[in-house]
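Fair warning: this is a prediction, and the values are worked out from it, not measured in the lab.
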Amino acid sequence: MYPIPQPPHTAGTAYKGLRPRIEAHQIPCPVEVQEEDRHKWEHQPFMTLPGHHTPLSTTDYYALDQGNSSPKFIRASTWAFPYTSRLASDCKIPLAAVFQPFAELDPREEPVPLVESVPARCERCRAYVNPWCQWLAGGGKWRCNLCGHDTDVLPEYFCMLDGGGHRLDHMQRPELLKGTVDFKVSDEYWASNPPAHLTRPYFSIEPPPTGVREPKPMHYIFAFDVSHGAVASGTLSAACGELMDILYGNDACFPPESQLAIFTFDRAIHFYDLMSDQDAMMVVSDLEEVFVPFHHGLFVSPTDRAEAITTLLRSLPTRFADTYVPESALGSAIRVCQASLAGRGGQVVLFQNVIPQIGDGSLAGRPPESEMYETDKEKNLYRPRDPSWTSMGEECAEEGIGVSMFLTMDKYIDVGSIGIVASLTGGQIYYLPRFDALRDSIVFRSHLQRLMRRMVGYNCTARVRTSKGIRVSEYYGNFHQISPTDMEFAILDSDKTFTVTLEHSGSLSTRESAYLQSAVLYTTVSGERRVRVCNLALQVVELAANVFNYADAETVVCHIMRKAIAHTKTTKMHEIREDLTENVSAILLGYRNKCAASTAVSQACSRPLLDYFLTFLQLILPDSFRAMPVLTLGILKSKPIKVGNVNSDVRNYYSHRLMSTSVRQVIEYLYPPLIALHDLDATAAVPDPVTGNLTIPSPMKNTYQQMNAGAVYLIDNGECTIIWVGSSVSPQLLLDLFGVDDIHQLNTDITELPALETLLSTQVRNIITYRTMKRGYTPKLFIARQNLDGIELEFSDMLVEDQNNGTMPYIDFLIVVHKQIMHALNQGDMYEPRSMRSAW
């Protein structure tokens, strides 16, 4: 088969000037990197002691905790920390770490241990005792590995030491063995109520709660938009049905210790007394000073009041079926939820269909976006238009109230304004535009199931501590920063991450390690107060070659992407795009200056195995950064950053998602796996008869140039799964996969593949199920027939190596990066990335 022409796509930009000839086999490919890593770690555990190369986030590895937290919990931009700020500046690798404190573990891994005793803490820096501390004075003191202070051991924690200076009971103490532990803590660690404000955003006859909040099981509020748009689109009916399944279905997963309340809202707020057998509803129509009309019966146990809750959820769609109220007071509804959960915290799940044009934080219609793109005014599209939404988010975060939103709009809803509440509280936005109950029911259900099933803590406070000579300078993620050192998460779940930027505050010794420790104080869903502690020891090096050798390109890419997204609110988009390219050029320039200065001279007689050269251009890529250029190109083509008139709701949704999702999902979004389905090996994606393990086929390069018209391909970026069907595909292939033998008879509206008794059908469904299980939810499924279906445009735009999304193809991007490096070398500008901008 011959290669196909490029499918329909958004326009890209062409390279200007003479294009050197570059052989395809010389271009570094992330697929090769990922496959090498997968083969290395699929049959052996990763030992977490410092000094080893870590598996990639896209590899399904399992780790043995030897006192260092697994990379699932912490990933550093380099696992060999530069000993001085000058060395870090010369290398140009940003010093950063990504934390995922509640990350889910592989079934082969041990669960995180729970320590019942009160944690020992450093008297000076308040760090928690960990495997890297030293024990002194016969066990009477311990030295903090972060600040070096000696702390007396409490009598109840005392233990003698052996000849090697270890406690005799260290094998029975998980906190002295494992890098990641949970401590069960006492009342001195309880969350505090925020200080009283001059005015309250809601009316209450009770004084504001003060003091500390006693840990209790999490309360949930489910609030439904019942405006005409929500009812007509089927959002209300679908949400009520899925909530009943969560509570009482075969896959019921509502926490047994928790209670719930149900609100509805349009131009008024509707409360339901769930303790009453009469389906009692009370209405509050004052949206400027909302209040909770009753408390007894507002929250109930779903087990105790199953009949009342079921009756209410079944009646809501018919009760509002004839409504013609177009407005929805979302802001006032959030204020009511805040009033209901004040003094204890909890989680709010909102179902919203229209832009809130009445009540607190009311918003005007859609701004003239087309006139604002690529101007100074474009920044306003990515910030809340009304400060009330920021206030709501900050106050809910302080109260420990997390807000998640299911958005099912048909038109502009201003995600940039209303979404800030979810971002500041640690909640999540589920973006389901043009909601269709039949088409989107599977996705809707899986997201709601995932929201309830994953591990989550509330009333969370997080802090990252570092050893002497290092400090945290910046934080990125979805949280409310209450101080220069603390992050407030009303809720923090297993899918969420946050990123910190590190910098030197002094020189480090290569004879010692550099240490990071994150501590997240949280309340479990069952009402237990704990602290999750993650520890990381990094080797300190004085050679740039070691810094690059142990660098983690995935963490670097995740960090620079989040920094770019954070700057969209304050910086012009074209400057952000230029800075992204310069980041790549600066790192490769640093490698060339410090590690490969003699490579060009010695190339004729020696070629290092870990370097890749583009013909005579001598663009040198360190082994650890082989995938970075194309992943950075993925950022430039991502929806938050890409050139073009992208709907601001779309940009803001993807910005929210990418600021907190896991490193693995970031990488798979930037460079989606592309799998050829038409030539699968007979053993691919079929459980091994002995071990039961599933071998997923290797992906291919993300470009149309390796595709052909007689084939079928699957691509998945975490938001949607697209199966592309070539125009010349064989009838037998269609019959085996879809049950039809004519491409024109193929039903492109299917939401899941038919379960056919063919090997190919089993294999493809296993691939999709495997990927669904790894991330915990089901993305939308689309069928794209070549030159027939509009969704092919989205498929083509996911092919990162091609010319699309307003940006050049991968080959041309490499040439531009090399020109920037050569320009900097010729001009003598070795250390300032911004000096390379003239190469554009």
Side-chain angles (χ1 to χ4, degrees), residues 45-52 54 62-74 76 79 99 101 103 105-106 108-186 189 463-468 509 511-521 528-540:
F46 169 67
M47 316 300 281
T48 64
L49 284 177
H52 302 287
T54 56
Y62 67 102
L64 294 182
D65 190 334
Q66 298 177 300
N68 248 10
S69 289
S70 164
K72 293 182 175 72
F73 296 106
I74 311 176
W79 303 91
F99 295 84
L105 296 174
D106 190 278
R108 296 168 290 182
E109 296 174 330
E110 296 180 359
V112 175
L114 174 62
V115 180
E116 299 281 349
S117 60
V118 177
R121 302 186 64 181
C122 175
E123 294 174 343
R124 178 189 291 170
C125 69
R126 303 301 293 160
Y128 292 82
V129 69
N130 61 79
W132 304 100
C133 298
Q134 295 180 7
W135 299 91
L136 311 169
K141 293 178 180 293
W142 63 277
R143 178 167 297 163
C144 176
N145 60 307
L146 298 179
C147 70
H149 180 72
D150 294 345
T151 300
D152 292 330
V153 176
L154 296 177
E156 60 270 22
Y157 198 67
F158 174 80
C159 182
M160 298 292 291
L161 305 183
D162 62 16
H166 300 101
R167 288 170 58 112
L168 295 176
D169 66 346
H170 81 280
M171 294 300 294
Q172 289 77 45
R173 292 280 186 181
E175 69 272 26
L176 305 182
L177 287 174
K178 304 296 183 181
T180 304
V181 294
D182 266 329
F183 289 100
K184 188 176 179 179
V185 294
S186 58
Y189 291 86
R463 176 179 290 189
V464 176
R465 295 179 173 89
T466 61
S467 52
K468 289 190 298 183
S509 171
R511 294 189 297 271
E512 299 177 355
S513 297
Y515 300 99
L516 304 178
Q517 183 184 85
S518 72
V520 179
L521 193 61
E528 192 171 79
R529 195 67 173 164
R530 297 180 181 179
V531 58
R532 169 66 60 90
V533 179
C534 300
N535 297 281
L536 184 66
L538 300 170
Q539 58 180 337
V540 177

Peer 1: Any sub-3.5 Å donor-acceptor pair from R529's side-chain atoms to V185's backbone N or O?
Peer 2: no
Peer 1: Closest approach of A127 and W142, non-hydrogen atoms and distance?
Peer 2: O-CH2, 4.2 Å
Peer 1: Contact between N68 and P50 at the side-chain level, heavy atoms closer than 4.5 Å - yes or no?
Peer 2: yes
Peer 1: Closest heavy-atom contact between V540 and S513?
Peer 2: CG2-C, 3.9 Å
Peer 1: Sub-3.5 Å donor-acceptor pair from the side chain of Q517 to the main-chain atoms of N535, do we have one?
Peer 2: no
Peer 1: Can you label the angle between the W132 ring and the Y515 ring as parallel, tilted or perpendicular, going by 30° and 60°?
Peer 2: tilted
Peer 1: Side-chain donor-acceptor pair under 3.5 Å between W79 and T54, yes or no?
Peer 2: yes
Peer 1: Just distance, no hydrogens or angles: give the donor-acceptor pairs under 3.5 Å from side chains in residues 108-118, sequence neighbours left out.
Peer 2:
unit_1 : atom_1 : unit_2 : atom_2 : d
R108   : NE     : D106   : OD1    : 2.8
R108   : NH2    : D60    : O      : 3.3
R108   : NH2    : D106   : OD2    : 3.2
E109   : OE1    : D106   : N      : 3.0
E109   : OE2    : A63    : N      : 2.5
E109   : OE2    : K72    : NZ     : 3.0
E110   : OE1    : K178   : NZ     : 3.3

Peer 1: Does the side chain of L176 reach to within under 4.5 Å of the side chain of W135, using non-hydrogen atoms?
Peer 2: yes
Peer 1: For the residue pair Y157 and R173, what are the closest heavy atoms and their distance?
Peer 2: CE1-NH1, 3.3 Å
Peer 1: Using only heavy-atom distances, determine whether the side chains of T180 and S69 contain a donor-acceptor pair under 3.5 Å.
Peer 2: yes
Peer 1: Are the side chain of R532 and the backbone of P101 linked by a donor-acceptor contact shorter than 3.5 Å?
Peer 2: yes
Peer 1: Indicate the atoms forming the closest heavy-atom contact of C534 with I74, along with that distance.
Peer 2: CB-CD1, 3.8 Å
Peer 1: Compare all side-chain heavy atoms of L146 with those of S467 and state whether any distance is below 4.5 angstrom.
Peer 2: yes
Peer 1: Do F99 and L536 make a side-chain contact, defined as non-hydrogen atoms from C-beta onward lying under 4.5 Å apart?
Peer 2: no
Peer 1: If you take all heavy atoms of H149 and C122, which pair is closest and at what distance?
Peer 2: CB-SG, 4.0 Å
Peer 1: Please find the pair of heavy atoms, one from V531 and one from L521, that lie closest to each other, and give the distance.
Peer 2: CB-CD1, 3.9 Å
